[in-house]
Chemist: 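Take a look at the following structure, please.
All of these numbers come straight from a predicted model, not from anything done at the bench. Convention: sequence-line order gives letters A, B, ...; per-chain numbering from 1.
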Protein chains: 2
Amino acid sequence: MSAKRPAARRPTMKDIARRAGVSESAVSFALNDRPGVSEVTRDRVRRVAEQLGWRPSTAARALSGEGAATVGFVLARPAHTLGVDSFFLQLVSGIQEVLARRHLGLLFQVAEDVEEECGVYRRWWAEHRVDGVLVVDPRTDDPRPDLLDGLGLPAVVIGGAPDERHPGLSTVWADDAGAMTALVDGLFARGHRRIAHIAGLPGLAHTERRIRALRAEAERRGLTEVQSVTTDYSDAEGAAVTRRVLEAPAPPTALVYDNDVMAVAGVAAAAGLGFSVPSDVSVVAWEDSALCRMVKPWLSALSRDSVEFGRTAATELTALLDGGPARTVRVPVPRLIERDSTGPARRA
Amino acid sequence: MSAKRPAARRPTMKDIARRAGVSESAVSFALNDRPGVSEVTRDRVRRVAEQLGWRPSTAARALSGEGAATVGFVLARPAHTLGVDSFFLQLVSGIQEVLARRHLGLLFQVAEDVEEECGVYRRWWAEHRVDGVLVVDPRTDDPRPDLLDGLGLPAVVIGGAPDERHPGLSTVWADDAGAMTALVDGLFARGHRRIAHIAGLPGLAHTERRIRALRAEAERRGLTEVQSVTTDYSDAEGAAVTRRVLEAPAPPTALVYDNDVMAVAGVAAAAGLGFSVPSDVSVVAWEDSALCRMVKPWLSALSRDSVEFGRTAATELTALLDGGPARTVRVPVPRLIERDSTGPARRA
DNA sequence: TGCGTGAGCTAAAGCGCTTGAGTGAAAAGA
DNA sequence: TCTTTTCACTCAAGCGCTTTAGCTCACGCA
């Protein structure tokens, strides 16, 4: 309890070796389940290690070629954009669950943009800091896969589309296109013909996928009054765009929002214009969270298990670190949770 | 772009030494701004290093006693509790800003509870993984300061009260008591006599501080119908507690919520019971976010700059790592942003 | 001329761990 | 009985960096 560090010395393998009366190498063999020591010795060494509270120094491990036992995660969003968001904490929490079990650390960094993010990867690689990384928010024209491939840094892209151009990277993705198609299908069945999609950031892979899927579905059904508008995911833009589309001569009867925050803001904006939900206009949020049950009416939402998404991604990365092949795995299509914000289209 | 890692070799000091025609030690001196080399050589070495894209291996650095260049951050909350939350991402984002500038990494982990969190600290210490940690959610009876003090791990406690018992730890705190006093002051002035405080998790230091401050202020003014009820911060409990207190024979005329999520849920719950805000009951959220402007009426809220809070904490930690003394710094008292959810008390 | 001095550099050890190349003794085979 | 194999273990090098001690040479000074 002194002001200056008492700094208890960490036990090293040398300490164990001395106490167990064997050489350091024997200790290494014993502790790493490698052949070369008898079961008796192995047990003794293990006991001594336990007793001393020994843990391998990651630094030393890393230096002797074992990797840093750490995984990197960069969030490239300007600080002020990180508003109310449940997705990332949940995702990270799922990632953790898997990593912690293997005593892998998670190095976390927020960056301003993708360019800075690339710099972080380079630095991490050069500093020998991470064994692999998890990449989020993939873009349609994304420099990161090329970079990571070039550095030979194992990586899992979260939320990207299958990418044949980078066979070294794993991908974990949700079928946004399928979800969008099913969603439009449902809306169509209930009479909706004019649909507005308040999308997220342009350039994000999943934003583009949803937009394309919506357009394709509209064409297939011959719907002409279907549109997508991109935003920055903020409540402000969500509200603004909502007002804009609803003030048109023939306003949409259904609004699909790319996140919960905009959906909530949109409902308020609609109410402000005298539209009531769902009788005048139906609302669906892409992303379910407590938010959706905090407003009246409760919002119908596409729900996915973000924690599980994180677990899956982390599992793929560990597989990659173990020398496994890169894979592309699809997580379940988000399910539509019907609450009170969706109903039949109002008769024209 | 091959399937198996091309694994470009990282340049080491040896490479630089060879290219610059000097010894490794000279390179070390040159690159660390230590005396022992001429300016000419220093420049040459620097140029070669730059050209090779060299970065020191953190592993090697750590091993030769320089520390891991990494800071730890544990969030001890069960995964499902990590709902809609703006505070932590903002906090972390502020922390990052300061750390990144010094090329310090942030090792992030979520744990189930404080006990597991202590285990993480022990492991990090033994594995030589971090040079210091940031501790959040301090409790009234907290084992962490003792542990960290014992390990000699530099630490900054975020949101704790000044702690004379652990002179080795820095503390960054907000004056919750002062804020609460001012808040009650304002409510009192507008005629509120019956106040309910829907608090956060019991046992958290700031929860207790707020509760105590409220009680003290109530006693000072002779208010008898003032109460605090603890919750788990969730919208569900926020709503439930709101219903309970409003159904009392003499319901409160003002509700103070310890976070924005509960406040929003509380407004909805109040509406469900026929109470309108603010004419029947005033509502204040402790923590401002986009959420507060997503509901009608817009919520009055105590606002603080969480990003700046993070910056301050990280700055204190780096000071500690540089060998500076432990300090206790207070961040500005949260400001009340008056919106539409507060008004004069209804006449009895 | 000799000697101390300091600037500029090199050699080498050490941090904690892994690992391939030994070593010595017991067990197995001829 | 002697060789070969196997087993259990030790030695020593090496990972990339820091750091201490030491070495060399030019310079200043008596």
Chemist: A:Asp305: what forms a salt bridge (charged side-chain N to carboxylate O under 4.0 Å, His left out) with it, not counting sequence neighbours?
Modeler: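 A:Asp305 satisfies salt bridge (charged side-chain N to carboxylate O under 4.0 Å, His left out) with no residue once adjacent residues are dropped.
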Chemist: Please examine the side chains of A:Leu153 and A:Val133, heavy atoms only from C-beta on, and report whether any two atoms are closer than 4.5 Å.
Modeler: yes
Chemist: Looking at every non-hydrogen atom in both residues, tell me the closest pair between B:Ala76 and B:Glu117 and how far apart they are.
Modeler: CB-OE1, 3.1 Å
Chemist: Any idea which of D:dC15, D:dT20, C:dT19 is nearest the B:Phe29 side chain?
Modeler: D:dT20
Chemist: Side-chain N or O of B:Ser64 versus OP1/OP2 of D:dT19: is the shortest distance under 4.0 Å?
Modeler: no
Chemist: Test side chain to side chain contact (heavy atoms under 4.5 Å, CB included) on B:Val307 and B:Leu91; report intermediate values, then the result.
Modeler: CA-CA 5 Å; B:Val307 177; B:Leu91 184 77; over 6 Å; no
Chemist: Is there a residue in residues 43-54 of chain A whose heavy atoms reach under 4.0 Å of DNA chain C, and which residues are they?
Modeler: A:Trp54
Chemist: D:dT10, OP1 or OP2 - any side-chain N/O from A:Ser23 closer than 4.0 Å?
Modeler: yes
Chemist: Using a distance-only criterion (donor-acceptor N/O pair, under 3.5 Å, no hydrogens), is the base of D:dA8 paired with the side chain of A:Thr41?
Modeler: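 Side chain to base: no pair below 3.5 Å.
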Chemist: Between D:dC17, C:dT19, D:dT19, which one does the side chain of B:Ala60 approach most closely?
Modeler: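 For the B:Ala60 side chain, the nearest candidate turns out to be D:dC17.
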Chemist: Give a yes/no answer on whether the side chain of B:Ser38 brings an N or O atom under 4.0 Å of OP1 or OP2 in C:dC9.
Modeler: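 Looking at the OP1 and OP2 atoms of C:dC9, one of them is under 4.0 Å from a side-chain N or O of B:Ser38.
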Chemist: Give a yes/no answer on whether the side chain of A:Arg61 brings an N or O atom under 4.0 Å of OP1 or OP2 in C:dG16.
Modeler: no
Chemist: What's the closest nucleotide to the side chain of B:Glu66 if the choices are D:dT18, C:dG20, C:dG16?
Modeler: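 Nucleotide nearest to B:Glu66's side chain: D:dT18.
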Chemist: A:Asn32 has a side chain; which of C:dT18, D:dT10, D:dC17 sits nearest to it?
Modeler: C:dT18
Chemist: Kindly assign one of parallel, tilted or perpendicular to the pair A:Phe88 and A:Phe73, based on the angle between their ring planes and the thresholds 30° and 60°.
Modeler: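 Plane angle over 60°, so perpendicular.
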Chemist: In terms of side-chain heavy atoms of A:Met13, which of D:dT19, C:dT18, D:dT10 is nearest?
Modeler: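 Minimum distance to the A:Met13 side chain belongs to C:dT18.
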Chemist: Below 4.0 angstrom from OP1 or OP2 of D:dG16, is there any side-chain N or O of B:Thr12?
Modeler: no
